[in-house]
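Protein chains get the first letters and strands the later ones, always in sequence-line order, with residue 1 at the start of each.
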Protein chains: 2
Amino acid sequence: MPERAVAGGKENSVETPVESTRERLLNVAEQRFGEGGYEGTSLRAITVAAAANIAAVNYHFGSKEALLRAAVARAMAPVNTERRRRLDQLEANGQPNPEQLIRAFVEPGLDLVLRHGERGAVVARFIGRIAFDPSQRIRELYAAESDPIEARYLSALQAALPHATPEAVAFGYVNMLGLLALHQSQALSRAPGLEDAENSGKLAENLVAFLVAAFDRGLRA
Amino acid sequence: MPERAVAGGKENSVETPVESTRERLLNVAEQRFGEGGYEGTSLRAITVAAAANIAAVNYHFGSKEALLRAAVARAMAPVNTERRRRLDQLEANGQPNPEQLIRAFVEPGLDLVLRHGERGAVVARFIGRIAFDPSQRIRELYAAESDPIEARYLSALQAALPHATPEAVAFGYVNMLGLLALHQSQALSRAPGLEDAENSGKLAENLVAFLVAAFDRGLRA
DNA sequence: GCATAGTTCAAACGGTCGTTTGAACAGGAG
DNA sequence: CTCCTGTTCAAACGACCGTTTGAACTATGC
């Protein structure tokens with residue numbers, strides 16, 4: 001009766017390992033949550049698209065919110081890892097300038113699309129939407145996932161912008177976060193047939209230039 | 001049985017005319033929709049807080065979405081009017097510069113808080129949240145309300161930034177829109193007890209400075 | 001073979017959703 | 001007073017929500 005592939009089925013292509021129910025749920029969750037938001041997406045819509053039973057969500061995750069939490073954690077892990085790596089590298093080479101710090105923050109969030117095509121765009125949109133979900137509880141789910149690295153960025157930015165007050169640095173950081181989330185959430189509605197990689201590269205460059213100018217000359221007390 | 005004030009009741013203060021059911025519904029709607037988003041807010045939560053019957057929503061507006069549409073239209077009307085007024089004034093005095101155009105766009109959206117206190121902050125948060133609601137249909141409700149003026153701003157910005165390509169101008173406009181909505185949606189969580197007006201004034205100045213720097217030097221092809 | 005742990009399933013749970021109904025209530029016009 | 005229009009009300013509608021249940025299936029270890 002179940003029509004989906006079974007582990008070890010020889011008819012599958014060589015390169016695509018069969019996804020587990022858990023993986024399919026996470027994949028569909030980030031696609032649908034990113035499309036309609038948390039409240040606007042039902043578990044039934046997710047499980048139908050994932051060819052899974054509704055009870056599978058509670059079996060694998062425990063609740064709808066726990067599914068979202070797992071999806072956020074999985075989606076943000078590589079971004080956070082890359083941001084940490086870049087921060088480590090920058091700080092090892094002395095005092096980084098604002099542009100280097102902005103790149104270290106923005107590019108990992110947009111390279112998702114650049115390096116993983118439409119799949120990466122789905123992840124980017126998901127992250128961008130969750131970061132500014134209407135519900136505060138959902139936003140805190142995102143914040144909890146990027147909390148530890150936020151403090152590092154703030155102090156590094158402060159050191160790179162000695163003329164700016166802490167309030168101004170925090171203001172710039174919030175704006176950087178917001179603009180990144182904005183363009184992430186629009187990752188799929190931009191040029192939906194052209195070269196994703198090329199467009200994302202240009203977008204990242206434009207966004208960095210925009211932010212660098214604003215940080216260098218637009219922060220006041 | 002109904003405990004709310006009745007028209008002409010002498011116990012009411014002189015300055016507060018009694019609100020109609022329709023007005024109470026709109027007031028509570030922009031408060032709750034701005035707090036939990038469209039999907040995250042039920043009509044029952046709104047009608048209970050507004051001391052109205054559930055059927056009153058369908059009587060006065062027709063549906064939940066029609067209530068939201070009416071609230072969006074009412075909230076944005078004064079902002080759009082003020083933006084049009086400023087644009088008219090600027091264009092009457094010759095070619096405006098980018099800072100003047102940015103002020104004409106940003107300040108009407110934040111002066112809500114400056115001039116109407118907590119009530120204005122509720123409206124600002126409502127607008128900011130709806131502008132970037134997860135559901136595209138809701139976002140289009142906002143877009144439809146600010147559509148006609150958007151074209152004027154884009155061409156005025158293009159004229160003020162002759163060195164920038166149309167794509168760069170559009171990119172800057174989207175960023176301005178996004179940052180304004182971001183700070184509008186945070187209107188109530190910032191300094192909840194201090195002088196709203198003073199904080200909003202500073203915020204507007206900081207945001208204008210941030211955007212002017214980014215527009216002047218951060219837009220490339 | 002049998003037992004066992006991991007996973008999936010259809011079905012149902014109670015609750016809440018947006019919407020609709022039809023009666024009741026108001027108040028001015030004739 | 002009667003009529004009429006506008007408004008409010010309790011109650012119910014069917015649909016959908018997240019969650020739970022307990023049986024059925026699968027695969028591995030003995």
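Annotation: proximity of residues 38-48 of chain B to DNA chain C (heavy atom, distance under 4.0 Å) is found for B:Thr41, B:Ser42, B:Leu43, B:Arg44, numbered in ascending order. Annotation: proximity of residues 59-75 of chain A to DNA chain C (heavy atom, distance under 4.0 Å) is found for A:Tyr59, A:His60, numbered in ascending order.
The distance from atom CG of A:Asn58 to atom P of C:dA10 is 16 Å, rounded to the nearest whole Å. Between the CG atom of A:Asn53 and the P atom of C:dC9 there is a distance of 6 Å, rounded to whole Å. The distance from atom CD1 of B:Ile54 to atom P of C:dC17 is 9 Å, rounded to the nearest whole Å.
A ring-ring contact (aromatic ring centres under 6.0 Å, His included) check over residues 38-83 of chain A, counting only residues at least two apart or in different chains, returns the pairs A:Phe33-A:Tyr38.
The pair B:Glu82-B:Arg85 meets the salt-bridge criterion, since a charged nitrogen lies less than 4.0 angstrom from a carboxylate oxygen. Under a 4.0 Å N-O distance rule, the pair B:Arg119/B:Glu30 qualifies as a salt bridge.
A pairwise comparison of heavy atoms in B:Gly109 and B:Ala124 identifies O-CB, 4.4 Å as the closest pair.
As judged by a 4.0 angstrom heavy-atom cut-off over every strand, B:Ala56 is placed among residues making no nucleic acid contact.
In this structure, B:Phe132 has its ring center no closer than 6.0 Å to that of B:Tyr142.
With no hydrogens or angles considered, no side-chain donor-acceptor pair links B:Thr81 and B:Arg84 at under 3.5 Å.
One finds no side-chain N or O of A:Thr21 lying less than 4.0 angstrom from the OP1 or OP2 phosphate oxygen of C:dT7.
Between the side chain of B:Thr41 and the backbone N or O of B:Arg32, at least one donor-acceptor pair lies under 3.5 Å. Judged by distance alone, with hydrogens and angles left aside, the side-chain atoms of B:Glu145 form no donor-acceptor pair with the main-chain N or O of B:Met76 at under 3.5 Å.
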